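Numbers here are sequence positions counted from 1. Order of listing sets the numbers, starting from 1, for every ligand and every atom in it. None of the values given here were measured: they were computed from a predicted structure.
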Amino acid sequence: MIISVASGKGGTGKTLVATSLALSLIDNYKVQLLDCDVEEPNANILLHLALNQSQPVYIPIPKVDETKCTYCGKCAEVCAYNAIAVIKEKVLVFPELCHGCGACSYLCPESAITEEGREVGIVERGNSGNLELVQGRLAIGEAMAPPVIREVKKYIDPANIVIIDVPPGTSCPVIEAVKGSDFCLLVTEPTPFGLNDLALAVEVVKKLGIPCGVVINRVGIGNQEVEQYCHREGIPILVRIPLDRNIALLYSKGISLVEGMPRWREQFVRLFRDIKDIVAASRVAR
Ligand code: SF4
Ligand code: SF4
């Protein structure tokens with residue numbers, strides 16, 4: 001079972017939910033938490049695992065042998081990202097723009113392009129008992145999150161309960177992280193901003209054909225519009241977490257919700273049961 005935990009915007013409490021769910025299940029299941037928020041992986045601030053394995057992530061970028069090149073310009077024509085340009089008798093490669101798709105080397109009529117790896121980030125791993133953390137970290141100054149997310153997801157073991165902490169927003173890294181999930185939990189807050197970003201995130205998961213449910217965090221601020229939206233759209237609200245100074249204090253000290261307030265553990269176990277029921281029902285309906 002793969003459960004992704006996403007939110008249309010940052011700062012809604014997505015990591016709090018992902019870590020609480022993971023820690024609530026480890027008594028009964030083997031759990032993998034994949035931190036795919038690779039620009040700012042912070043699940044381990046709450047989990048405190050020793051990350052004792054680390055592997056670089058490379059993307060293949062073109063290297064041109066100008067002794068073979070005829071400056072025909074085909075490579076620049078096929079590059080959708082403007083990462084390679086042919087100017088008179090010079091081929092320029094812009095590594096930061098290159099997505100490593102390989103089209104230029106494949107289509108070069110002179111076989112003048114080979115590929116070399118460029119490091120764009122790392123994947124780190126650690127485990128304790130039934131919990132394994134796999135986290136991606138984008139190198140400073142890099143913009144290409146999807147290759148790092150793909151590497152993190154290669155560690156998915158389908159025999160486990162897999163929880164994916166998705167980057168905030170609704171762009172390519174989110175889709176890369178969420179696709180293939182059995183369920184997507186959308187974390188929001190009951191404010192007009194929360195509603196706006198939730199609606200965008202719902203559109204994305206609907207397009208991907210993934211069943212979803214909502215966690216409303218900081219209940220007590222804002223208004224009822226998120227609740228009304230969910231009722232209108234038929235999206236189940238699975239957990240409501242109140243605006244509580246003690247929860248914020250725990251977070252600021254790096255203590256997970258279920259460790260600092262063990263009564264929440266039962267809520268997250270129930271959340272998992274609800275998710276399993278929804279996934280089973282959606283499979284029957286297909
Ligand atoms: S496609 Fe090959 S031969 Fe043509 S300009 Fe690019 S590198 Fe040179
Ligand atoms: S590998 Fe793809 S993205 Fe990179 S320069 Fe070649 S065509 Fe462009």
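Counting heavy atoms closer than 4.0 Å to ligand 1, residue L107 contributes nothing at all. The proximity of P62 to ligand 2, defined as any non-hydrogen pair under 4.0 Å, is limited to the side chain.
Between atom 6 (Fe) of ligand 1 and C72 there is no N/O/S contact shorter than 2.8 Å. Taking 2.8 Å as the criterion, C108 counts as a coordinating residue of atom 2 (Fe) of ligand 1, since one of its N, O or S atoms falls below it.
For Q55 and Y155, the side-chain atoms include at least one donor-acceptor pair closer than 3.5 Å. Judged by distance alone, the side chains of S54 and E124 never bring a donor and an acceptor atom under 3.5 Å apart.
The pair R218-E189 meets the salt-bridge criterion, with a side-chain N (NZ, NE, NH1 or NH2) lying under 4.0 Å from an Asp/Glu carboxylate O. Ionic pairing of E77 and K74 is not present here: no N-O contact between side-chain nitrogen and carboxylate oxygen is shorter than 4.0 angstrom. Ion pairing between R232 and E227 fails under the 4.0 Å rule for side-chain N and carboxylate O.
Heavy atoms only, all atoms of each residue included: P167 and V174 are closest at O-CG2, 3.4 Å.
Among all non-hydrogen protein atoms, the one lying nearest atom 1 (S) of ligand 2 is G102 N, 3.3 Å. At the shortest separation from atom 6 (Fe) of ligand 2 among protein heavy atoms lies C104 SG, 2.3 Å. With respect to atom 2 (Fe) of ligand 2, the closest heavy atom belonging to the protein is C101 SG, 2.3 Å. What sits closest to atom 4 (Fe) of ligand 2 on the protein, heavy atoms only, is C98 SG, 2.3 Å.
Less than 4.0 angstrom separates some heavy atom of H99 from each of these atoms of ligand 2: 3 (S), 4 (Fe). Residue Y81 approaches ligand 2 through these ligand atoms, each under 4.0 Å from one of its heavy atoms: 3 (S).
Residues Y81 and F94 place their aromatic rings such that the two centres sit no closer than 6.0 Å.
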